[in-house]
Amino acid sequence: MWRRLTSLSHLRQIRRADELKICQAFCTDITKPPVEAESHYRRNSPFVAFVLGGPGSGKGTQCLKIAETFGFEHIGAGDLLRKEMYSGSENGDMIQKLMKEGSIAPSEVTVKLIKKAIESAENRKFLIDGFPRSEENRMAYERIVGAEPNFVLFFDCPEEVMVKRVLNRNEGRVDDNEHTVKERLKVYKGTTLPVVNHYAKKGKLYKFLLTDKFMQVDGTGTQEEIFERVVDITDTLQKQVIGIEDVECAVEKYMRM
Ligand SMILES: Nc1ncnc2c1ncn2[C@@H]1O[C@H](COP(=O)(O)OP(=O)(O)O)[C@@H](O)[C@H]1O
Ligand SMILES: O=c1ccn([C@@H]2O[C@H](COP(=O)(O)OP(=O)(O)O)[C@@H](O)[C@H]2O)c(=O)[nH]1
Ligand SMILES: [Mg+2]
């Protein structure tokens, strides 16, 4: 029951800030956290991976596989916006207009939806698919959620493959058409790639270069071949996550010192 996920660096931070609370918790009953400590972990320790790439690069497809294999909660930013659009909310018309144009929705709207999805999930590991799409999106997320992602996966797919896939996707989306895909590619190259560069500089980016070296149907590798590469990286990065039992040991050691 009390198995929340946190990272070592986070543990160092909470040691200072919440040292007293944690010590009290472990002095009384180490098998159950106090409500306060539990909610601290729930609120502040989600393990987050952003998944970026152009329209049709295969983000959603790979996210479904990663979520299933590694137990992540998959949050599709576009899916949240589409749900909001069809929910009859006051933002519905505005979202629909921006999507049809291939533009990006206001950061406050998207970040609010993502934050709500994170807070309402039982899971503490999240894949945030298709976000942030701009530096402004990124900064708004970091300001509102108060954290950076743990790592970022980036699918670098040839443009002609992305266009072909989007036009064949057939999900009845308002933006999967020739005109909008051109606009989305412009936005991707001009506005989303700077976000990719930002995380590359920070050493948080894991890039999957989908070239024609696999010589598959569309030249980038099958979904399974790509996933094999994704698994290796995700598995390694997952090891950064430690269970609460490890925190328990660490705190006990700390208390003995
Ligand atoms: N490796 C692949 N090879 C061929 N088709 C793919 C591959 N990955 C995804 N697709 C297909 O391409 C389309 C776009 O994929 P999707 O995952 O929705 O991309 P994104 O979320 O990046 O827009 C979908 O119809 C999907 O089934
Ligand atoms: O953070 C986001 C994610 C999506 N969108 C909008 O939703 C559309 C579809 O996004 P989605 O991620 O579903 O598309 P994909 O890249 O998967 O084809 C985008 O073109 C944008 O108009 C947005 O404004 N902000
Ligand atoms: Mg998608």
Side-chain angles (χ1 to χ4, degrees), residues 50-67 74-86 91-92 94-115 117 127-141 144-145 149 152-177 179-193 195-196 208-230:
F50 287 159
V51 181
L52 298 176
S57 59
K59 303 181 292 297
T61 303
Q62 294 300 322
C63 279
L64 287 177
K65 290 176 183 290
I66 301 168
H74 174 201
I75 298 179
D79 298 329
L80 291 179
L81 288 166
R82 277 184 286 276
K83 207 166 150 204
E84 183 76 358
M85 178 169 106
Y86 292 118
N91 291 322
M94 179 261 297
I95 294 170
Q96 182 159 32
K97 181 174 171 291
L98 292 170
M99 265 198 194
K100 266 190 187 160
E101 284 172 4
S103 310
I104 298 171
S107 295
E108 302 71 51
V109 172
T110 315
V111 175
K112 207 171 136 196
L113 293 171
I114 292 174
K115 190 165 181 269
L127 288 173
I128 303 188
D129 165 8
F131 178 93
R133 274 177 140 89
S134 67
E135 278 286 270
E136 204 254 325
N137 269 180
R138 176 183 70 72
M139 288 185 274
Y141 175 91
I144 297 168
V145 175
V152 180
L153 303 180
F154 170 50
F155 295 104
D156 188 7
C157 189
E159 198 168 309
E160 59 280 13
V161 174
M162 295 197 281
V163 171
K164 217 163 90 187
R165 285 190 192 162
V166 164
L167 298 180
N168 287 325
R169 185 155 41 187
N170 224 359
E171 287 177 1
R173 281 172 48 166
V174 295
D175 53 350
D176 280 354
N177 58 70
H179 172 73
T180 312
V181 79
K182 274 192 198 138
E183 295 306 312
R184 288 161 72 192
L185 283 169
K186 276 190 216 156
V187 169
Y188 164 64
K189 286 186 275 190
T191 312
T192 310
L193 285 182
V195 180
V196 170
F208 298 88
L209 185 59
L210 310 178
T211 65
D212 59 4
K213 74 176 181 183
F214 291 103
M215 300 302 286
Q216 293 297 323
V217 189
D218 65 11
T220 67
T222 64
Q223 296 179 8
E224 290 69 30
E225 283 169 328
I226 295 165
F227 185 57
E228 270 178 38
R229 299 159 69 197
V230 171

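Whatever order the structure lists them in is the order used to number ligands and atoms, beginning at 1.
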Practice task
Using a 4.0 Å heavy-atom cut-off, say whether Met162 meets ligand 2 through its side chain, its backbone, both or neither.
Solution key: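 The answer is neither.
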Pull out every atom of ligand 1 sitting under 4.0 Å from any heavy atom of [X], numbered as shown with elements.
{"X": "Ile226", "result": "1 (N)"}
{"X": "Gly221", "result": "1 (N), 2 (C), 3 (N)"}
{"X": "Gly54", "result": "22 (O)"}
{"X": "Thr61", "result": "9 (C), 15 (O), 16 (P), 17 (O), 26 (C)"}

Problem - Part of Asn170 within contact of ligand 1 (heavy atoms, under 4.0 Å) - result: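 The answer is neither; Asn170 stays 4.0 Å or more away.
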Handout entry: Test item, Gly56 contacting ligand 1 (heavy atom, 4.0 angstrom)
Key = yes
Practice task
For Lys112, check salt bridge (charged side-chain N to carboxylate O under 4.0 Å, His left out) against everything at least two apart and list the hits.
Solution key: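 So Lys112 forms no salt bridge (charged side-chain N to carboxylate O under 4.0 Å, His left out) with any residue.
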Please state which protein non-hydrogen atom is closest to [atom] and give its distance, to 0.1 Å?
{"atom": "atom 6 (C) of ligand 2", "result": "Leu81 CD1, 3.9 Å"}
{"atom": "atom 10 (O) of ligand 2", "result": "Arg133 NH2, 3.5 Å"}
{"atom": "atom 17 (O) of ligand 2", "result": "Lys59 NZ, 3.7 Å"}

Practice task
Answer with yes or no whether Glu101 contacts ligand 2, where contact means a heavy atom under 4.0 Å from a ligand atom.
Solution key: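 Not so, Glu101 does not reach ligand 2.
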Practice task
Could you establish whether Ser103 and ligand 2 come within less than 4.0 Å of each other, counting only heavy atoms on the residue side?
Solution key: yes
Exercise for the section: Give yes if a backbone or side-chain nitrogen or oxygen of Asp129 is under 3.5 Å from a nitrogen or oxygen of ligand 2, and no if not. Expected result: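 No; the residue has no nitrogen or oxygen that sits under 3.5 Å from a nitrogen or oxygen of the ligand.
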Exercise for the section: Return a yes/no value for Phe131: is any of its N or O atoms, backbone included, closer than 3.5 angstrom to an N or O of ligand 2? Expected result: no
Exercise for the section: Can you label the angle between the Tyr141 ring and the Phe50 ring as parallel, tilted or perpendicular, going by 30° and 60°? Expected result: perpendicular
